[in-house]
J.: 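Got a structure for you, questions after.
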Amino acid sequence: MLWLVRSAILILFPRTALPGAIDCGLDAHLERFRRESTFLMWLGTVMGAVVFHVTPLFTVFVPLPAFLLPAKLADTHAERITTTNVYLVRQAVFLVKMCGGLCWGADAEVRKRFALPPLGQDPGTWRAS
């Protein structure tokens, strides 16, 4: 299921004037996120990716999963699905965006572009046993 979450994040965080998720060590982040998050959090993220990939029929009116859409249509789909009035759909996709945002926002180059200092070494204490 990593590839499903990964492809959704790549569409939600494309490379523009800023680095995209592909430039931020996404694969290592997803492995760590899957390993260190709770089962319910990971399940919600995967389900959010499933929702993201099956809804282009309702956002851009194309019966293809999001990972098969051309870049322009995928971007339109991402914009529309994240601003939908259907709360449960929007929140499901938000879990995917949160996972990608944790990776993207921690990247040193992204932080530099926003005039933020790089994050220090992870102390590894955020998760309690």
Side-chain angles (χ1 to χ4, degrees):
M1 290 288 123
L2 278 176
W3 70 271
L4 199 64
V5 175
R6 181 183 190 277
S7 60
I9 290 173
L10 291 178
I11 294 170
L12 289 165
F13 293 89
R15 185 182 289 151
T16 58
L18 293 168
I22 192 74
D23 305 312
C24 300
L26 180 60
D27 294 327
H29 171 76
L30 285 176
E31 285 291 339
R32 182 174 179 209
F33 185 82
R34 182 173 58 99
R35 185 176 62 247
E36 294 183 358
S37 66
T38 64
F39 172 75
L40 201 53
M41 178 64 97
W42 178 246
L43 179 64
T45 304
V46 170
M47 293 311 295
V50 169
V51 168
F52 180 83
H53 285 299
V54 300
T55 52
L57 179 62
F58 306 108
T59 58
V60 293
F61 314 108
V62 177
L64 290 173
F67 56 83
L68 292 179
L69 293 174
K72 186 99 170 139
L73 269 181
D75 190 50
T76 302
H77 167 62
E79 190 274 326
R80 289 180 181 170
I81 198 67
T82 57
T83 59
T84 182
N85 289 332
V86 181
Y87 182 77
L88 288 175
V89 171
R90 190 174 65 230
Q91 288 305 106
V93 175
F94 178 79
L95 285 172
V96 180
K97 283 183 69 174
M98 180 201 63
C99 178
L102 288 171
C103 177
W104 186 81
D107 184 68
E109 182 59 30
V110 171
R111 295 181 64 78
K112 179 180 171 187
R113 299 275 185 99
F114 286 101
L116 295 169
L119 293 176
Q121 184 67 22
D122 182 11
T125 58
W126 72 273
R127 184 173 180 192
S129 298

J.: Looking at residues at least two apart in the chain, or sitting in another chain, which of them share a salt bridge (Lys or Arg N to Asp or Glu O under 4.0 Å) with Arg80?
T.: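 Not a single residue meets the salt bridge (Lys or Arg N to Asp or Glu O under 4.0 Å) criterion with Arg80.
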J.: Side-chain contact, heavy-atom cut-off 4.5 Å: Phe33 with Thr45?
T.: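 Phe33 reaches Thr45 side chain to side chain.
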J.: Using the rule that two of Ile, Leu, Val, Met, Phe, Trp, Tyr join whenever any of their side-chain heavy atoms come within less than 4.5 Å, decide whether Val50 and Leu43 are in one cluster.
T.: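 Unlinked, Val50 and Leu43 end up in two clusters.
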J.: Report yes or no: do Val110 and Leu116 belong to one cluster of Ile/Leu/Val/Met/Phe/Trp/Tyr joined by side chain heavy-atom distances under 4.5 Å?
T.: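 Yes, same cluster.
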J.: Could you check Val86, Thr59, Ile11, Thr76 and say which one makes a side chain to side chain contact (heavy atoms under 4.5 Å, CB included) with Ile81?
T.: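 Exactly one option meets the side chain to side chain contact (heavy atoms under 4.5 Å, CB included) with Ile81, and it is Thr59.
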J.: If you group Ile, Leu, Val, Met, Phe, Trp and Tyr by side-chain heavy-atom gaps below 4.5 Å, do Leu102 and Val96 land in one group?
T.: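 In one cluster: yes.
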J.: Would a single hydrophobic cluster contain both Met1 and Phe39, if residues Ile, Leu, Val, Met, Phe, Trp and Tyr are joined by side-chain heavy-atom contacts under 4.5 Å?
T.: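 No, it is not one cluster - the side chains of Phe39 and Met1 are not joined through contacts under 4.5 Å.
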J.: Check residues 60-67 and write down every donor-acceptor pair under 3.5 Å in which the side-chain atom is one partner and the other belongs to a residue at least two apart or another chain.
T.:
none

J.: Please, which pairs that meet salt bridge (charged side-chain N to carboxylate O under 4.0 Å, His left out) have at least one residue in residues 1-18, sequence neighbours excluded?
T.: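 Only Arg6-Asp27, Arg15-Asp23 qualify under salt bridge (charged side-chain N to carboxylate O under 4.0 Å, His left out).
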J.: Which heavy atom in Cys99 sits nearest to a heavy atom in Leu30, and how many Å separate them?
T.: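 Scanning both residues completely, I find the closest heavy atoms to be SG-CD2, 3.6 Å.
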J.: Kindly state each residue pair satisfying ring pair (Phe, Tyr, Trp, His ring centres under 6.0 Å) with at least one member in residues 72-103, sequence neighbours excluded.
T.: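 Matches after skipping sequence neighbours: Phe52-His77.
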J.: So how far is it from Gln91 CD to Met98 CE, rounded to the nearest 0.5 Å?
T.: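 These two atoms lie 11.0 Å from each other.
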J.: Tell me if a side-chain donor or acceptor on Thr55 pairs with a main-chain N or O of Phe58 at a distance below 3.5 Å.
T.: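 No; judged by distance alone, with no hydrogens or angles, the pair does not exist.
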J.: Quick test of your reading: applying salt bridge (charged side-chain N to carboxylate O under 4.0 Å, His left out), list the pairs with at least one residue in residues 42-70, sequence neighbours left out, ordered by first then second residue.
T.: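 For residues 42-70: none.
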J.: Quick check: do Leu18 and Trp104 have side-chain heavy atoms less than 4.5 Å from each other?
T.: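 Heavy-atom side-chain distance check passes, below 4.5 Å.
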J.: Hydrophobic cluster membership, with links at side-chain heavy-atom distances under 4.5 Å among I/L/V/M/F/W/Y: are Leu57 and Val54 in one?
T.: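 The answer is no; the residues belong to distinct hydrophobic clusters.
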J.: Do Leu12 and Thr82 have side chains that get closer than 4.5 Å, going by heavy atoms?
T.: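 Answer yes - side chains close enough.
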J.: Looking at Pro118 and Ala108, what are the two nearest heavy atoms and their distance?
T.: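 Distance-wise, the nearest heavy atoms are CB-CB, 4.5 Å.
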J.: If you take all heavy atoms of Arg90 and Asn85, which pair is closest and at what distance?
T.: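 Closest approach of Arg90 to Asn85, heavy atoms only: NH1-CA, 4.1 Å.
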J.: Does any part of the side chain of His53, heavy atoms only, come nearer than 4.5 Å to the side chain of Leu68, both counted from C-beta?
T.: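 No, their side chains stay 4.5 Å or more apart.
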J.: Quick one: salt bridge (charged side-chain N to carboxylate O under 4.0 Å, His left out) pairs with a partner in residues 98-115, sequence neighbours left out?
T.: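 Every salt bridge (charged side-chain N to carboxylate O under 4.0 Å, His left out) pair that includes a residue of residues 98-115, provided the two are not neighbours, is Glu109-Arg113.
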